[in-house]
A.B. asks: 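Below: one structure in structure tokens.
Numbers for residues simply follow the sequence, beginning at 1.
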Amino acid sequence: MSGVIVTDPPKAEAADVEALAGYGVATVSEAMGRTGLLGPEIRPVQQGVRVAGTAVTVLGWPGDNLMIHAAVEQCGEGDILVVTTTSPCTDGLFGELFATALKQRGVRGVVLSTGIRDTQELRDMGFAAWSRAVSAQGTVKATGGSVNVPIAIDGQVIRPGDVILADDDGVVVVPRERARETAERSEAREAKEAATRAAFLDGQLGLDRYGLRDTLKRLGVEYRTYAEYMGDGS
């Protein structure tokens, strides 16, 4: 497998990345029209952590982490390393030594469609990670691949320089051209949710706030007392 290492891809503006970092994955995905989410199998190895950064992408070979070594050189302050392979792989391609090198370069975390290992060490050193599997299975360094090219994970295309946002709910990718717009839409959604939260605290029901009583009626859902329900033979 031949490949390419792209050294200077365009990136989302740092200010827009920081703005997106203030919102959760669910909020950002909703702000983009319920798009951008990686699959629910990609989970954090820690809890209570949210990171946002610009993607450095890796396309490698199953059971082979050579291209992660190549990608470290391309990583810098504010980046998130995003790794996938040419076919499914759950081997532990990434561990504590990689995290040490990346943390020294200012990388904020890693997202892998593969396996990860040394999870306790990663938590102890405060390096954020999301992966599809946890596996102690080791790898080789023998096959070429690519760095900073478009990749696909769970049907989502991730380009170098796109924004990656990850938290306890999962991972979302924001195209770099949409970063500012999505941050603004996320802010508006948060304001709307704050108003709804206040209404719920005041006792209002979602049925009324969202106008759902008419929806229930349109769908033929009826209200009956217990006696009426038991009396009709149901």
Side-chain angles (χ1 to χ4, degrees), residues 12-55 78 80 82 108-111 119 122-123 126-132 134 153-156 158 162-234:
E13 295 293 332
D16 297 331
V17 176
E18 293 309 311
L20 285 167
Y23 306 105
V25 165
T27 295
V28 170
S29 176
E30 293 281 356
M32 291 196 298
R34 300 181 184 176
T35 62
L37 288 174
L38 275 57
E41 297 86 2
I42 296 182
R43 303 301 304 153
V45 303
Q46 69 285 309
Q47 291 292 304
V49 174
R50 178 190 297 161
V51 297
T54 45
I80 292 179
V82 186
R108 294 174 177 174
V110 64
V111 174
T119 56
L122 295 179
R123 288 189 290 270
F127 190 82
W130 286 255
S131 70
R132 191 179 304 279
V134 173
I153 298 178
D154 298 335
Q156 299 297 330
I158 302 168
D162 284 345
V163 182
I164 300 295
L165 177 68
D167 62 17
D168 288 348
D169 290 339
V171 182
V172 65
V173 54
V174 180
R176 57 181 180 262
E177 300 90 347
R178 297 187 61 189
R180 180 171 301 179
E181 166 204 349
T182 301
E184 293 170 351
R185 290 178 179 270
S186 297
E187 181 181 17
R189 183 172 180 83
E190 285 262 300
K192 182 179 178 180
E193 289 185 352
T196 299
R197 187 177 301 109
F200 286 172
L201 287 171
D202 198 42
Q204 187 177 17
L205 296 174
L207 285 173
D208 298 315
R209 185 166 186 83
Y210 301 136
L212 298 177
R213 296 190 187 279
D214 289 340
T215 300
L216 291 175
K217 184 177 180 181
R218 176 172 53 81
L219 294 174
V221 179
E222 299 178 346
Y223 284 87
R224 295 188 181 184
T225 66
Y226 181 76
E228 289 171 339
Y229 176 69
M230 294 302 294
D232 67 5
S234 300

A.B. asks: Begin from the C-alpha positions of E193 and T27 and carry the test side chain to side chain contact (heavy atoms under 4.5 Å, CB included) through to its verdict.
C.D. replies: CA-CA 10 Å; E193 289 185 352; T27 295; 4.3 Å; yes
A.B. asks: Short question: side chain of D169, backbone of V25 - any donor-acceptor pair under 3.5 Å?
C.D. replies: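 Between the backbone of V25 and the side chain of D169 there is no qualifying donor-acceptor contact (under 3.5 Å).
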A.B. asks: Quick one: closest heavy-atom pair of A199 and R209, and the distance?
C.D. replies: CB-NH1, 3.5 Å
A.B. asks: Please report the closest heavy-atom contact between L212 and G206, naming both atoms and the distance.
C.D. replies: CD1-O, 3.9 Å
A.B. asks: Can you confirm whether Q204 is buried at CD, in the sense that more than 12 heavy atoms of other residues, nucleotides or ligands lie under 6.0 Å from that atom?
C.D. replies: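 Yes, CD of Q204 has more than 12 neighbouring heavy atoms, counting only those of other groups under 6.0 Å.
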A.B. asks: Roughly how far, to the nearest 0.5 Å, is the CD1 atom of I153 from the CG atom of L37?
C.D. replies: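 These two atoms lie 13.0 Å from each other.
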A.B. asks: Measure the spacing between CD of E30 and OG1 of T182 and express it to the nearest 0.5 Å.
C.D. replies: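 Reported value, rounded in 0.5 Å steps: 13.0 Å.
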A.B. asks: The test is salt bridge (Lys or Arg N to Asp or Glu O under 4.0 Å); show your working for R132 and D154 and say whether it passes.
C.D. replies: CA-CA 11 Å; R132 191 179 304 279; D154 298 335; 2.8 Å; yes
A.B. asks: If you compare all heavy atoms of L122 against all heavy atoms of A129, which two are closest, and at what distance to 0.1 Å?
C.D. replies: CD1-CB, 4.1 Å
A.B. asks: To the nearest 0.5 Å, how far apart are CG in D16 and CD in E177?
C.D. replies: 11.5 Å
A.B. asks: What do the steps show when you test R108 against V17 for side chain to side chain contact (heavy atoms under 4.5 Å, CB included), and what is the final call?
C.D. replies: CA-CA 12 Å; R108 294 174 177 174; V17 176; 4.0 Å; yes
A.B. asks: Would you indicate whether the side-chain heavy atoms of M32 and V172 approach each other to under 4.5 Å?
C.D. replies: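 Touching, per the 4.5 Å side-chain cut-off.
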A.B. asks: List the atom of I80, the atom of A52, and the distance in Å for their closest heavy-atom pair.
C.D. replies: CD1-C, 3.7 Å
A.B. asks: Could you walk me through whether R213 and L205 pass the side chain to side chain contact (heavy atoms under 4.5 Å, CB included) test, one step at a time?
C.D. replies: CA-CA 11 Å; R213 296 190 187 279; L205 296 174; 3.8 Å; yes
A.B. asks: What distance do Y23 atom OH and E187 atom CD have between them, rounded to the nearest 0.5 Å?
C.D. replies: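 So the OH of Y23 and the CD of E187 are separated by 4.0 Å.
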A.B. asks: For T225, does its backbone N or O pair with a side-chain atom of E228 as donor and acceptor, under 3.5 Å?
C.D. replies: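 Yes, E228 side chain to T225 backbone: donor-acceptor pair under 3.5 Å.
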A.B. asks: Out of the candidates V49, V51, V110, only one should pair with F127 under the side-chain contact (heavy atoms from CB on, under 4.5 Å) rule; please name it.
C.D. replies: V110
A.B. asks: Can any side-chain N or O of R123 pair as donor or acceptor with the backbone N or O of V45 at less than 3.5 Å?
C.D. replies: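 Yes, because the side chain of R123 sits within donor-acceptor range (under 3.5 Å) of the backbone of V45.
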A.B. asks: Locate the shortest heavy-atom distance separating D167 from G24; write the atom from each residue and the value.
C.D. replies: OD2-CA, 3.5 Å
A.B. asks: With side chain to side chain contact (heavy atoms under 4.5 Å, CB included) as the test, would you mind laying out the steps for L207 and L216 before giving the verdict?
C.D. replies: CA-CA 9 Å; L207 285 173; L216 291 175; 3.8 Å; yes
A.B. asks: More than 12 foreign heavy atoms under 6.0 Å from CZ of R185: is that the case here?
C.D. replies: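 Atom CZ in R185 is not crowded, with 12 or fewer foreign heavy atoms closer than 6.0 Å.
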A.B. asks: To the nearest 0.5 Å, how far apart are CD1 in I164 and OG1 in T54?
C.D. replies: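 Reported to 0.5 Å precision, the distance equals 9.5 Å.
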A.B. asks: Between A21 and L165, what is the shortest heavy-atom contact and its length?
C.D. replies: CA-CD1, 4.2 Å
A.B. asks: When you measure from the side chain of W130 to the backbone N and O of D168, does any donor-acceptor pair fall under 3.5 Å?
C.D. replies: no
A.B. asks: OG1/T196 to OH/Y210 distance, rounded to the nearest 0.5 angstrom?
C.D. replies: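 Rounded to the nearest 0.5 Å, the OG1-OH separation comes out at 4.5 Å.
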